[in-house]
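Heads up, the thing below is written out as C-alpha cells.
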Amino acid sequence: MWSYQHPGFTVHQLPALRDNYIYLIEADSNNTLIAVDPAEAVSVHQACRHMGKPLTHIFNTHHHWDHTDGNLSLKKDFGCLIVGAEGDAARIPGIDITVTEASPPALAGLDISVLDVPGHTNGHIAYIINDALFCGDTLFGAGCGRLFEGTAAQMWNSLNKIAELDGNTKIYCAHEYTLANLAYASAIDANNPALTARIVADKNRRKQDQPTIPSSIDMEKATNPFLRPLDSYFCRNYAAAHNISSEPLSIFSDIRSRKDRW
Ligand code: ZN
Ligand code: FE
C-alpha cells in the first residue's frame with residue numbers, strides 16, 4: 001500500500017487482482033473513508049483493519065466487474081453507502097446514492113466534483129477532489145480505456161474535459177497498464193523526448209515494484225498518445241505520415257483503433 005497526502009485527505013493505493021488499483025480516500029477532518037472501485041473486498045478489509053477505521057463509502061466510476069466486485073460484501077460488512085452514476089444505477093451492485101456532473105456527492109469535509117466521461121462505458125464518471133482525479137478506465141498512464149460502449153467522439157470529448165483540469169492534478173486511474181501503453185506510445189510518437197524520458201523513469205519504477213500511478217495531467221498531455229492530438233504540430237505530422245485528416249478527433253480515432261489492432 002502506498003499513501004499520498006493531499007490538502008484535507010490522504011489517498012491510499014492498494015494493488016488488487018492482476019493489475020487493478022483500489023484507492024482509499026481518508027478524510028483528515030472526520031471519519032469518512034471511501035473506497036474507489038473496489039475490485040475485490042479482501043484488500044479493502046485488510047487496509048481498514050490496518051487503519052483501524054470502518055469503510056463509510058464506495059465510489060464507483062463504472063459498472064465493470066473489476067471495479068464493483070467488492071461492493072456487496074463491503075456493504076454487508078461495513079454498512080457503507082455506495083455512490084455511482086445516475087445513468088448506470090441499474091448496473092452498479094448495491095447502489096445507494098446516484099450522482100451526475102450537476103449533482104456530485106455531498107460529503108462533509110471533502111469538496112467533490114463529478115465529470116461525466118462516457119466512452120469506455122456510457123455511464124462512466126470521474127471524481128475530482130481538490131488536486132486528485134479518480135478516472136477509472138477513462139484515462140490511463142499513457143493510455144485510455146477501450147471504447148466498449150461509447151464512440152470515439154464521446155471519448156475524445158471526455159478526455160478533453162480531463163485535459164482541462166489543472167496540470168498538477170494527480171491521476172489515480174484504476175489499472176497499472178503504463179508500460180504496455182508506453183510501448184504503443186513510442187511506436188506512434190517516436191520523436192517525443194518527454195515520452196523517451198518517461199519510459200526510462202516508469203520502467204525503473206516497475207523494476208523496483210513501485211507503481212507508475214499516480215501520474216499528472218501535465219505528464220499525460222506531454223506523453224499520452226490519446227491526448228497528443230491536443231497538439232496541432234503533432235496532428236500535422238501524424239496526419240501527413242498516415243495520410244488522414246489533421247482534425248484532432250480523426251487523429252484520436254485513428255490512434256485508438258490502431259491500438260485495438262496492435
Ligand atoms: Zn472497465
Ligand atoms: Fe477496468
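Keep in mind the model is a prediction, meaning the values are calculated, not measured. Start at 1 and go down the list; that is how both ligands and their atoms are numbered.
Aromatic ring centroids of His124 and His64 lie 6.0 Å or more apart. Taking the six-membered ring where the residue is Trp, the centroids of Phe78 and His57 are separated by 6.0 Å or more. You'll find the ring centres of His175 and Phe140 inside the 6.0 Å limit.
Under a cut-off of 6.0 angstrom, the local environment of CG in Asn191 is sparse, with at most 12 non-hydrogen atoms contributed by other residues, nucleotides or ligands.
Among the atoms of Asp66, no N, O or S atom falls under 2.8 Å of the Zn ion (ligand 1).
Among heteroatoms of the N, O or S kind in His67, NE2 lies nearest the Fe ion (ligand 2). Restricting Asp137 to its N, O or S atoms, the one at the least distance from the Fe ion (ligand 2) is OD2. The minimum distance between the Zn ion (ligand 1) and any N, O or S atom of Asp137 involves atom OD2.
In this structure, Trp2 and Tyr21 have perpendicular ring planes: the angle between them is above 60°, well past the 30° mark.
The Fe ion (ligand 2) lies at the vertex of an angle of 80° between the OD2 atom of Asp66 and the NE2 atom of His175 (rounded to 10°). The NE2 atom of His120, the Zn ion (ligand 1) and the ND1 atom of His64 define an angle of 90° (nearest 10 degrees).
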